[in-house]
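Worksheet: one structure, shown below.
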Amino acid sequence: MEKLNGITINKNSLLWHRKLGQGRDAIIYAAPNNKAYKIYRDPSESRFYKALETIQKNNYDIRLSNIPKGAIYFGDKFNGAILEREHGKQIHYMFNRLDRNDQIIVLKRILAAVKELTDSYIYPHDLANTPFLPGKSSNILLDKKLYPHLIDLDGSGTSYKDNYSQYDQEFTDFVLNILFLDLMLDTTVDEEPDFADIEYYKNKFIKLGFDPSIANKLSLYEANYDMLDEAIKSYSHVPELKRH
């Protein structure tokens with residue numbers, strides 16, 4: 001593989017860096033200059049290298065999210081990615097503490113950030129991660145100024161394409177729908193709902209004043225960006241949802 005732009009470090013030097021977190025695919029360490037080092041458990045998986053290769057080839061102009069900045073090598077061996085250090089608290093813990101106006105601001109900013117990525121054929125697949133399931137955490141952090149920060153935008157949670165991918169777009173729509181239901185209903189929704197769940201969500205949204213066609217698409221996790229924007233407008237007119 002061609003060597004990517006990035007840095008070469010000594011693996012042992014990571015002992016001097018604070019561990020920020022870890023997941024199935026990688027361990028993340030604090031790094032100088034407000035950066036983070038994401039070290040993959042199995043860097044031979046092609047998706048990690050391929051994502052960085054595509055980023056460096058396409059030189060994206062992404063303003064609402066931070067995509068990886070470069071590769072990390074141990075000697076000549078590819079092992080990780082350089083990320084911007086993201087700050088904030090997990091959105092699932094913060095959203096229901098906000099007043100309705102602030103919630104609307106956050107939902108609109110999430111929608112804009114995701115659309116900017118997919119317009120460049122960058123498809124985040126882990127947006128629906130919720131800390132209320134075992135071993136999971138939110139993949140969106142919310143800062144004090146109400147700006148959402150999407151994380152896992154490297155090859156472990158995001159698909160980088162050179163052209164439009166209907167499959168990847170539909171999958172991003174799917175997880176974004178789940179996230180919006182999680183937040184607007186303040187409950188953890190199932191990725192594979194049964195018929196009763198679908199009918200429950202649809203009828204709940206209709207009773208709250210949502211357009212029936214949008215309520216149906218939301219309950220099926222099939223709402224596109226325009227429909228989600230309409231859903232946000234409807235949500236803004238609901239004084240208070242019944243919490244579960």
Side-chain angles (χ1 to χ4, degrees), residues 64-65 86-119 123-133 136-152 169-244:
L64 301 179
S65 302
E86 303 288 6
H87 299 276
K89 296 183 178 180
Q90 295 186 53
I91 193 168
H92 288 82
Y93 292 126
M94 299 303 299
F95 190 79
N96 65 4
R97 301 180 185 180
L98 305 175
D99 64 33
R100 185 51 49 86
N101 288 337
D102 286 346
Q103 288 180 341
I104 298 304
I105 290 171
V106 171
L107 291 174
K108 287 182 176 180
R109 286 175 174 173
I110 292 172
L111 193 63
V114 175
K115 187 175 187 303
E116 180 187 46
L117 291 171
T118 60
D119 282 349
Y123 300 98
H125 286 173
D126 287 342
L127 296 172
N129 272 14
T130 169
F132 304 123
L133 291 176
K136 296 289 186 179
S137 59
S138 303
N139 270 351
I140 300 179
L141 304 180
L142 190 65
D143 69 21
K144 293 180 179 179
K145 295 183 178 180
L146 301 181
Y147 282 99
H149 299 263
L150 279 60
I151 60 176
D152 255 10
Q169 181 65 64
E170 290 177 351
F171 195 88
T172 296
D173 291 344
F174 171 78
V175 295
L176 186 58
N177 274 249
I178 293 175
L179 174 70
F180 271 46
L181 264 71
D182 275 350
L183 298 179
M184 291 193 293
L185 298 180
D186 191 25
T187 189
T188 301
V189 303
D190 196 335
E191 291 187 5
E192 297 181 4
D194 58 26
F195 180 77
D197 291 329
I198 293 171
E199 286 298 299
Y200 170 78
Y201 294 137
K202 180 176 70 174
N203 291 330
K204 186 172 183 63
F205 279 124
I206 290 173
K207 288 178 180 178
L208 290 168
F210 285 59
D211 181 273
S213 63
I214 292 176
N216 184 58
K217 287 292 187 180
L218 275 171
S219 66
L220 293 169
Y221 310 156
E222 294 177 353
N224 60 25
Y225 294 130
D226 289 338
M227 293 174 182
L228 289 172
D229 188 55
E230 287 299 317
I232 294 171
K233 292 177 184 177
S234 296
Y235 184 67
S236 69
H237 298 302
V238 179
E240 184 67 33
L241 290 177
K242 184 178 180 182
R243 301 299 180 182
H244 293 274

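The basis for the numbers below is simple: all heavy atoms, side chains too, and nothing from hydrogens, waters or symmetry mates.
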Backbone N or O of [Y] within a donor-acceptor pair of the [X] side chain at under 3.5 Å?
{"X": "Asn139", "Y": "Asp126", "answer": "yes"}
{"X": "Arg109", "Y": "Leu64", "answer": "no"}
{"X": "Asn216", "Y": "Pro212", "answer": "no"}
{"X": "Thr172", "Y": "Pro124", "answer": "yes"}

Quick one: pull up [atom1] in [X] and [atom2] in [Y] and give me the separation to the nearest 0.5 Å.
{"X": "Lys144", "Y": "Met94", "atom1": "NZ", "atom2": "CE", "value": "10.0 Å"}
{"X": "Asn177", "Y": "Tyr201", "atom1": "CG", "atom2": "OH", "value": "12.5 Å"}
{"X": "Ser137", "Y": "Gln90", "atom1": "OG", "atom2": "CD", "value": "5.0 Å"}
{"X": "Ile232", "Y": "Phe180", "atom1": "CD1", "atom2": "CZ", "value": "4.5 Å"}
{"X": "Leu146", "Y": "Leu107", "atom1": "CG", "atom2": "CG", "value": "11.0 Å"}

Could you tell me whether the side chain of [Y] reaches within less than 4.5 Å of the side chain of [X], counting heavy atoms only?
{"X": "Leu133", "Y": "Thr188", "result": "yes"}
{"X": "Tyr235", "Y": "Arg100", "result": "yes"}
{"X": "His92", "Y": "Asp182", "result": "yes"}
{"X": "Leu183", "Y": "Asn96", "result": "no"}
{"X": "Leu141", "Y": "Ile91", "result": "no"}
{"X": "Asp102", "Y": "Asp99", "result": "yes"}
{"X": "Asp211", "Y": "Ser234", "result": "no"}
{"X": "Leu181", "Y": "Phe205", "result": "yes"}

Residue pair Gln169 / Asp173, side-chain donor-acceptor N/O under 3.5 Å: yes

Does one side chain, of Glu191 or Tyr221, offer a donor that lies under 3.5 Å from an acceptor on the other? no

Looking at residues at least two apart in the chain, or sitting in another chain, which of them share a side-chain contact (heavy atoms from CB on, under 4.5 Å) with Lys145? Asp143, Tyr147

According to salt bridge (charged side-chain N to carboxylate O under 4.0 Å, His left out), does anything in residues 215-232 pair up with another residue at least two apart or in another chain? List the pairs. Lys217-Glu222, Asp229-Lys233, Glu230-Lys233

Looking only at the aromatic ring of each residue, does the gap between the centers of Tyr93 and Phe132 stay below 6.0 angstrom? yes

Which one of Leu111, Leu142, Ile140 satisfies the side chain to side chain contact (heavy atoms under 4.5 Å, CB included) criterion with Val106? Leu142

Applying side-chain contact (heavy atoms from CB on, under 4.5 Å), run through Asn129 and Ser138 and close with a yes or a no. CA-CA 5 Å; Asn129 272 14; Ser138 303; 5.9 Å; no

